[in-house]
Protein chains: 2
Amino acid sequence: MNGKKVPEGTISRLFIYYREVSELSSLKIKTISSAELGERTNLSDAQVRKDLGYFGQFGVSGSGYDTSELKKALEKILGKDRTWNVAVIGAGHLGAALLSYPGFKNYGLEIVAAFDSDSKRIGKKLGEIEVQLISDLSKTAKDKKIHIGIITVPAASAQEVAEKLVEAGIEYILNFAPVSLDVPDSIKVKDVDLSRELETLTYFLVNK
Amino acid sequence: MNGKKVPEGTISRLFIYYREVSELSSLKIKTISSAELGERTNLSDAQVRKDLGYFGQFGVSGSGYDTSELKKALEKILGKDRTWNVAVIGAGHLGAALLSYPGFKNYGLEIVAAFDSDSKRIGKKLGEIEVQLISDLSKTAKDKKIHIGIITVPAASAQEVAEKLVEAGIEYILNFAPVSLDVPDSIKVKDVDLSRELETLTYFLVNK
DNA sequence: TAATCTTTGTGATTTAGTTCACAGACTTTG
DNA sequence: CAAAGTCTGTGAACTAAATCACAAAGATTA
């Protein structure tokens with residue numbers, strides 16, 4: 001890491017590079033140039049080099065990047081060398097969609113608990129996970145060493161849930177509720193506003 | 001519209017302004033300044049004026065914007081003066097989450113059909129909508145004048161579904177599958193890559 | 001080993017978007 | 001109605017990110 005601020009876009013692209021070099025390395029392809037890696041990922045060679053440049057010097061002039069070395073380096077950078085425990089709060093359709101999403105494990109994420117405030121849902125199984133009452137959050141979060149909370153409750157109760165997550169020691173919140181959460185600076189919140197995506201649809205239909 | 005390219009961010013912000021002036025206008029508040037509108041939306045006054053400036057001159061020096069006029073103007077710009085028919089393809093959890101999402105109507109969107117390829121799901125009701133076999137897509141799309149297709153099928157079948165949507169005359173695709181779709185330029189595709197959001201979580205946990 | 005070729009890493013440039021700042025339009029006050 | 005106050009619309013300045021472009025490092029060839 002060279003100290004400069006890393007653009008958000010760089011980080012998503014690192015995952016793309018990671019996927020590609022994993023593939024290459026498993027195909028026993030030993031090295032790849034930034035040009036070819038760019039080709040395969042629909043990005044420019046300069047973009048590839050600049051992105052990697054934020055984190056160090058991984059390449060060799062004249063031959064390119066060693067695929068398995070780069071894979072290992074990216075694993076480290078991206079936190080893919082361990083598993084992160086996740087709790088989903090809100091066992092409605094969206095929560096269920098996330099719980100049944102098979103890709104999680106590949107991302108180094110493991111959903112280990114689900115919560116809801118609706119007593120009708122408590123005790124039901126969503127996949128492997130039994131839905132718990134939200135008042136158990138704090139205890140379970142500590143017992144199961146949960147790092148990440150995903151909020152899929154309605155907008156009206158999202159702030160309240162966020163506060164419980166903070167109290168329970170969660171470090172990162174992924175928020176699907178269409179409200180902006182007020183939490184301490186030390187907690188990272190990422191908003192995924194599906195309604196925004198849906199809304200903007202109509203603009204593009206009107207304007208061509 | 002003054003011809004200059006409109007930044008993507010401007011468009012989402014227009015919806016925020018729209019919501020605010022709708023509220024204000026219904027409260028019989030006749031005018032609002034860019035400063036106050038900015039205050040209420042956590043944006044700067046300059047941002048508000050610049051955003052609106054892409055589409056014309058709506059304000060009055062010395063007094064600000066007429067809320068109900070601005071509301072009408074934004075309705076027009078954003079395509080909120082009519083309803084757009086939507087089909088969801090993929091009646092799994094995510095599809096169900098969208099179908100049960102009450103906010104749709106507010107966005108001028110109406111889900112009028114749902115499709116799946118799994119015969120176990122055909123005929124089931126998701127809310128008001130009966131799940132149809134995907135082979136009916138083309139006919140139903142024409143009958144029901146569907147403009148928008150939302151893809152919530154697994155990555156592996158997304159491209160195939162996209163092609164059927166194009167064939168059925170859909171103009172806009174909202175794609176939840178984590179693959180990039182290959183469609184004609186005349187079709188607008190918006191990708192919502194949940195897995196990307198999930199993935200990037202781990203980076204931020206490692207790096208602080 | 002020298003000449004040539006390939007490819008990185010990174011400053012310099014360009015592009016896109018946001019913020020600043022102010023002239024000029026309109027409103028309010030006395 | 002003139003002076004003071006408010007607020008817009010928009011170029012200019014700034015900031016962030018992507019792209020360019022090239023010196024230097026290493027690989028390849030003869």
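In what follows, chains carry the letters A, B, and so on, assigned in the order in which the sequence lines appear, proteins first and then strands, with residues in each chain numbered from 1. Please read these numbers as outputs of a predicted model, since none were measured by experiment.
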Side-chain N or O of B:Ser44 closer than 4.0 Å to phosphate OP1/OP2 of C:dT19: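 True: B:Ser44 side-chain N/O within range (under 4.0 Å) of C:dT19 OP1/OP2.
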Within the structure, does a side-chain N or O atom of A:Ser34 lie under 4.0 Å from either OP1 or OP2 of C:dT8?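 A:Ser34 to C:dT8 OP1/OP2: side-chain N or O found under 4.0 Å.
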For a side chain to side chain contact (heavy atoms under 4.5 Å, CB included) with B:Ile148, tell me which candidate from B:Ile111, B:Val86, B:Ile170 qualifies.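 Going through B:Ile111, B:Val86, B:Ile170 one by one, the side chain to side chain contact (heavy atoms under 4.5 Å, CB included) with B:Ile148 is satisfied by B:Val86 alone.
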[X] [atom1] to [N] [atom2]: how many Å, rounded?
{"X": "A:Asp66", "N": "D:dA25", "atom1": "CG", "atom2": "C1'", "result": "17 Å"}
{"X": "A:Leu70", "N": "C:dT7", "atom1": "CG", "atom2": "C1'", "result": "15 Å"}
{"X": "A:Tyr65", "N": "D:dG26", "atom1": "OH", "atom2": "P", "result": "14 Å"}
{"X": "A:Ile11", "N": "D:dA17", "atom1": "CD1", "atom2": "P", "result": "10 Å"}
{"X": "A:Phe55", "N": "C:dT8", "atom1": "CZ", "atom2": "C1'", "result": "18 Å"}
{"X": "B:Glu69", "N": "D:dT8", "atom1": "CD", "atom2": "C1'", "result": "15 Å"}
{"X": "A:Gln57", "N": "D:dA25", "atom1": "CD", "atom2": "C1'", "result": "11 Å"}
{"X": "A:Leu43", "N": "D:dA18", "atom1": "CG", "atom2": "P", "result": "10 Å"}

Of all the heavy-atom pairs spanning [X] and [Y], show the shortest one and how long it is.
{"X": "B:Tyr203", "Y": "A:Ile77", "result": "CD1-O, 3.6 Å"}
{"X": "B:Ala155", "Y": "B:Ala177", "result": "CA-CB, 4.1 Å"}
{"X": "A:Val183", "Y": "A:Ala162", "result": "CG1-CB, 4.1 Å"}

Using a strict threshold of under 4.0 Å (side-chain N to carboxylate O), is an ion pair present between A:Lys164 and A:Glu160?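 Judged by the 4.0 Å cut-off on N to carboxylate O distance, A:Glu160 and A:Lys164 do form a salt bridge.
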Using the ring pair (Phe, Tyr, Trp, His ring centres under 6.0 Å) rule, collect all pairs that involve residues 146-174 of chain A, keeping only residues at least two apart or in two chains.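 Matches after skipping sequence neighbours: A:Trp84-A:His147.
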Between protein and nucleotides 25-30 of chain C, map the contacts as a letter string: B base, S sugar-phosphate only, - none, heavy atoms under 4.0 Å, written 5' to 3'. BBS---
Using atom types as modelled and distance alone, determine if a side-chain donor or acceptor of A:Thr83 lies under 3.5 Å from a backbone N or O of A:Gly108.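 Between the backbone of A:Gly108 and the side chain of A:Thr83 there is no qualifying donor-acceptor contact (under 3.5 Å).
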List for me each residue that meets side chain to side chain donor-acceptor pair (under 3.5 Å) alongside B:Arg49, sequence neighbours excluded, and say none if there are none.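 Side chain to side chain donor-acceptor pair (under 3.5 Å) list for B:Arg49, sorted by chain: B:Ser34, B:Asp45.
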Is there side-chain contact between A:Thr10 and A:Phe55, with heavy atoms separated by less than 4.5 Å?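 A:Thr10 vs A:Phe55: side chains touch.
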Return each pair, listed once, that meets salt bridge (charged side-chain N to carboxylate O under 4.0 Å, His left out) where at least one residue sits in residues 97-111 of chain A; pairs must be two or more places apart or across chains.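 For residues 97-111 of chain A, and leaving out neighbouring residues, the salt bridge (charged side-chain N to carboxylate O under 4.0 Å, His left out) pairs sorted by first residue read A:Lys105-A:Glu110.
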Pairwise N/O distances under 3.5 Å, protein to nucleotides 15-18 of chain C:
| unit_1 | atom_1 | unit_2 | atom_2 | d |
| --- | --- | --- | --- | --- |
| C:dT18 | OP1 | B:Arg13 | NH1 | 3.2 |
| C:dT18 | OP2 | B:Arg13 | NH2 | 3.3 |

Checking A:Lys139 against A:Gln132 for the side chain to side chain contact (heavy atoms under 4.5 Å, CB included) test, could you report, in this order, the C-alpha distance in whole Å, the side-chain angles of both residues, the deciding distance, and whether it holds? CA-CA 11 Å; A:Lys139 181 167 188 325; A:Gln132 296 176 260; over 6 Å; no
Please enumerate all protein N or O atoms sitting under 3.5 Å from an N or O of nucleotides 21-23 of chain C, with distances to 0.1 Å.
| unit_1 | atom_1 | unit_2 | atom_2 | d |
| --- | --- | --- | --- | --- |
| C:dA21 | N6 | B:Arg49 | NH2 | 3.2 |

